[in-house]
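Below: the structure, in structure tokens.
Please read all numbers here as calculations on a predicted model, not as lab measurements.
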Protein chains: 2
Amino acid sequence: MKPSIFVVEDDPDISRLVRHHLEGAGFAVKLFPTGHTVVSESERQRPTLFILDIMVPGKDGLELCRQIRQTQSLAATPVIFLTAKSGEADRILGLELGADDYIPKPFSPRELVARVKAVLRRFERPLSQSPLRIGEIEIDPGAMTLTVRGQQVTTTATEFRLLDYFARHIGRVFTRDQLLDSVWRDTAYVTPRSVDVYVRRIREKIEPDPENPRYLKTVRGAGYRFEAAK
Amino acid sequence: MKPSIFVVEDDPDISRLVRHHLEGAGFAVKLFPTGHTVVSESERQRPTLFILDIMVPGKDGLELCRQIRQTQSLAATPVIFLTAKSGEADRILGLELGADDYIPKPFSPRELVARVKAVLRRFERPLSQSPLRIGEIEIDPGAMTLTVRGQQVTTTATEFRLLDYFARHIGRVFTRDQLLDSVWRDTAYVTPRSVDVYVRRIREKIEPDPENPRYLKTVRGAGYRFEAAK
DNA sequence: CTGAATTGTTTCAATCAGGTTACAAAACAG
DNA sequence: CTGTTTTGTAACCTGATTGAAACAATTCAG
């Protein structure tokens, strides 16, 4: 699932610009020309990040930020300000209010995307990087290496993510759809049957006999399950 | 973006003074009259530097410093103490706690700014000093020299920092964004693809066969990884 | 035993990620 | 101020990856 960003900005030129570049970078973007409905919408949809213009009519960005920070379910969501003036007041106010970053206008598209990514990186909980060993299989996410029976085996990124996911949830059955949701980057339009293909590819790399899998088992009518081979 | 400084000081006269002079010197300043919310705010905003009064009500500066040092994401942020008494004890305690400097009250504005700048300069991406040898490659950060198979090779500053970073994190995969974060000075304006170009340049200098890298490997879908060649 | 449902396997075109080069701009040195 | 080096970008190219489709094999129900 791609991260979603709520953008509160009254100037349609700017908001269109922002949307265009963020979507280009793989984010889902929702625009709000005013601040009125933002908080209630956000509580329902839980955006990954806010971008607020300091000056928006009706309810300005500063006030909005204050509200977000006071709302239990949104308090932890990062906020980035767009500021027109590069004057002191705005920047400091941003700091005072607990914004996570600010982008002075005018900004380059690249800067916008870079800052958003940087803030998200700062917030994302570091995923388990600890190496994992199951039977004859060793998975090291930090190095992105897979070792099977002492032999280093190359994998593609998707194969690796899928295998890692299986290996960290030993014994559980996952449907194809569940796997798409948790392993694939953009789940949107991928056929569940593609999972089969990847299972096949992984089996070829980890199973002594891919036709008779010892690790990655098929659960007919349900999906797949990873087992620690006996 | 200008560096931000969090100041924890209960005396409003002093804090106003500090703010005024630091802002005049081009820093963004946020004041905290007590220490209560400092750590949580800091995790969010990542100040560039802390200035703590040794004595603040509620939670004193020493305790606060200890907390900062124990917080993963803040441990590397420099801390400067403001101390009223010029007694040794306080000073040493501060230093032992991991403070990076102290400013005895009363202080001149110039001294304040000078010390802040000095500390920041000291913290600016210090290259590790110890030489490093990996296979046929020798890296000496102190001299900023690179020796490959006995031959001294010239590098540019960025090439050297990047190679040094790789060499000190052997076996780990880094995304282009991560590398920009940790090696480049101002990440916001640089395309991730620029990393590719530098990787190419480094390969030309260290690899016997740049088309078939033995050290600096590509990890498709992830980034790059430095390996000790067999 | 038969047919339906499910999974396995292979192939292949489109896409994407990375490599490479040339170049403009910025920084630097003289 | 001028020439040189460094830095980062853009554009183009190539080959690997991805995922769908088509068909084969297996399982299951009745």
Charged N-O contact under 4.0 Å between B:Arg176 and B:Asp196: yes
Pairing of A:Asp140 and A:Arg133 as salt bridge, 4.0 angstrom limit: no
Phosphate contact ([N] OP1 or OP2) by [X] side-chain N/O below 4.0 Å:
| X | N | value |
| --- | --- | --- |
| B:Tyr189 | D:dG8 | no |
| A:Thr191 | D:dA20 | yes |
| A:Arg200 | C:dT9 | yes |
| A:Thr218 | C:dT7 | no |
| A:Tyr198 | C:dT9 | no |

What is the distance from [atom1] of [X] to [atom2] of [N], rounded to the nearest Å?
| X | N | atom1 | atom2 | value |
| --- | --- | --- | --- | --- |
| A:Arg110 | C:dA25 | CZ | C1' | 13 Å |
| B:Leu216 | C:dG18 | CG | C1' | 13 Å |
| A:Lys217 | C:dG8 | NZ | P | 13 Å |
| A:Ile202 | D:dT18 | CD1 | P | 11 Å |
| B:Trp184 | C:dA27 | CH2 | C1' | 17 Å |
| A:Arg220 | D:dA25 | CZ | C1' | 10 Å |
| A:Phe160 | D:dA16 | CZ | C1' | 18 Å |
| A:Glu207 | C:dT9 | CD | P | 11 Å |

[X] near the nucleic acid: base, sugar-phosphate alone, or nothing, with a heavy-atom cut-off under 4.0 Å?
| X | answer |
| --- | --- |
| B:Arg201 | base |
| B:Thr156 | sugar-phosphate |
| A:Val195 | nothing |
| B:Glu211 | sugar-phosphate |

Pairwise 5' ranking along DNA chain C for A:Val197 and A:Gly221, keeping only the more 5' one: A:Gly221
Rounded distance [0.5 Å steps], CG in A:Asp10 versus OG1 in A:Thr34: 9.5 Å
B:Pro192 or A:Thr155, whichever maps to the more 5' nucleotide of DNA chain D: B:Pro192
Closest nucleotide among D:dT18, D:dG8, C:dT7 to the A:Thr158 side chain: D:dT18
Shortest non-hydrogen contact from A:Val195 toward A:Tyr224: CG1-CE1, 4.1 Å
Passing candidate, salt bridge (Lys or Arg N to Asp or Glu O under 4.0 Å) with A:Lys30, options A:Glu41, A:Glu23, A:Glu9: A:Glu41
Heavy-atom donor-acceptor pair, B:Arg193 side-chain to C:dG19 base, under 3.5 Å: yes
